[in-house]
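Working notes, structure below.
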Amino acid sequence: MSNLKSDDDDDYKFLRIIDAMASINQKVNLIGVITEIGISKQSRGTDCCCTIKIVDESNASSGISVNFFAENFEKLPHVESAGDIIQLVRVVMKSHRSGVNVLFDKKFSSFAIYEGREGSKFTPYQVSSKFHGRDRDKKFIAGLRKWTVSHRPETASSDSLSLKDIKQGNQSTLICKVLHVCEVKDGEWMLFVWDGTDAPPVNIHTKFDEEFDNPLPLQLESIPLSRNVLCKFPTVGTVLRMTNSNCNEKLGLHLLKPGKWVQFKNINFEVRYGLWCGILLSKSKFSFLPDDDDHAIHCRRTYEERAESKWDRKPFTCLPWPSKVTDTDHQDVPFVTLMDVLTYPEVIAKFRCVVRVVATLPGHPRDFKAPCGTYRIRLTLEDPTARIHAYIYAEDGVKFFEGYPSIDTMIKKHNALLGVEEIDDADSDEKPRNPPWVECCLCSYNIDETDVWGSIRYRIFDTTLVG
DNA sequence: TTGGGG
């Protein structure tokens, strides 16, 4: 038998994972189903690296990690979905403390990635530079696809959080849909993710007199998203911002394509300016879930039911109904979310919403009237979907405050609206506040005919602050 | 070389 022939034979031989694990320091060929994709990052050396996890029939539950190194992100595997199939040629089995893992050596290893779905084509959607496909590969790919139909690799973790249950703290798992990805600064990314549920409201810590110089932001990104981008977002359920700003590593977040369902592992949640923020760490991992993942289907179905229902657009924690702190006319008009308001296709429109008032400008009721004596106040409103500024002017203010009450009455009303605890020690401005859910009527209009959408404003009308 | 598991 010639050397050429025997090399050729070796290249066709795929080891079962369990057998490969006994071949430490040897070059082997593997074929497996991808269950987890680590975030790509810059290695401590000169390369980019990422880790994926694969399973096969011999090792269906725990799987084995494969470590890739490459000169740039483009050369790393770009896995489209967990459940896809990867063929690994001449990779090295490595023993490490308690476990065994696989090293993809860029000098002699190669890979090819195929769709995992049964019936899809046998052409890989990504191949590494040294990969040579052979006709007989098909048999192995078809075999694995068939196996995954009966044995769906467990991709979605059972301990994952829903946005409605997030808490400040460490190392959570979140299953969500990626809505938008943008690089805000060099190497600093912001992800916009969603699962159809409402993140819980949080206490507001700013002082009233800070609002002029240091207003509560409407969003965490320094450049607000364009209306075009917002219009593609679902209008029910929190859009969570996620950032890697605390992380020194260069993460391969460009791999996260909008529209994908993803499971993030080892992420933190923080509150910034009263807004929830997901924090990616260098040890964070993500795995793409197939579109028909059970958890993803459940989220979509729950969202659809909620979006279609007459009253379920109000926030989850607004139960059973908004507080009686405010009252509105038009009681029969269903509530919409602030994302509905922001993405409404016409400039001039009227809405009824359930919101929290997180700040007012001016900060003190004594300044709510302009020198001419009419009301003019800017409120910062939020619901689980967005924050907006809404103004109260003139006769809408008379309706809102029920005329021109005494300053003491105004302070009481203001405190009730902003969720300030009534305490005697005059330090109420120091305490965090928890604004109640209140209903309000909003109208939108533009103030510049030459820039209709850019000059859109929101006003409160037909709303009374009962207190 | 680099990273890898809980």
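Lettering of chains follows the sequences in order, A, B, ..., and the numbering in each one begins at 1. On a predicted model such as this, the values are computed, not experimentally measured, just so you know.
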Is A/Phe69 stacked on the base of B/dT1, with ring centres under 5.5 Å apart and planes under 30° apart?
no
Would the number of heavy atoms belonging to other residues, nucleotides or ligands and lying under 6.0 Å from CD1 of A/Ile223 be above 12?
no
Think A/Arg44 has a side-chain N or O under 4.0 angstrom from the OP1 or OP2 of B/dG3?
yes
If you only use heavy atoms from C-beta on, which nucleotide in B/dG5, B/dG3, B/dT2 is closest to the side chain of A/Asp47?
B/dT2
For A/Glu115, is there an ion pair with A/Lys121 - N to carboxylate O distance below 4.0 angstrom?
yes
Quickly work out the A/Phe68 CZ to B/dT2 C1' distance and round it to whole Å.
15 Å
Nearest-Å distance for atom pair CG/P, residues A/Asn266 and B/dG5
10 Å
Mind checking whether A/Phe335 and A/Trp311 have ring centres under 6.0 Å apart?
yes
Where the side chain of A/Cys49 is concerned, which of B/dG3, B/dT2, B/dG4 is the nearest nucleotide?
B/dG3
Please give, in whole Å, the distance from B/dT1 C1' to A/Glu71 CD?
13 Å
Would A/Trp321 and A/Trp437 count as a close aromatic pair, with their ring centres under 6.0 Å?
no
Measure NE2/A/His96 against P/B/dG6 and give the value in whole Å, please.
11 Å
Taking any heavy-atom pair under 4.0 Å as a contact, classify A/Lys106: base, sugar-phosphate, or nothing.
base
Interatomic distance where NZ belongs to A/Lys285 and C1' belongs to B/dG3 [whole Å]:
9 Å
Nearest-Å distance, CZ (A/Arg97) to C1' (B/dG3)?
12 Å
Atom pair distance, as rounded to whole Å: CG in A/Leu76 and C1' in B/dT2:
12 Å
Protein-nucleotide distance (A/Lys41, atom NZ; B/dT1, atom P), rounded to Å:
19 Å
Would you tell me if any nitrogen or oxygen in the side chain of A/Ser65 comes within less than 4.0 Å of OP1 or OP2 on B/dG3?
no
Just grab all the ring pair (Phe, Tyr, Trp, His ring centres under 6.0 Å) pairs involving residues 100-120 of chain A, residues at least two apart or on different chains.
A/Phe68-A/Phe104, A/Phe68-A/Phe111, A/Phe104-A/Phe111
If you check the A/Leu103 side chain, which of B/dT1, B/dG3, B/dG5 turns out closest?
B/dG3
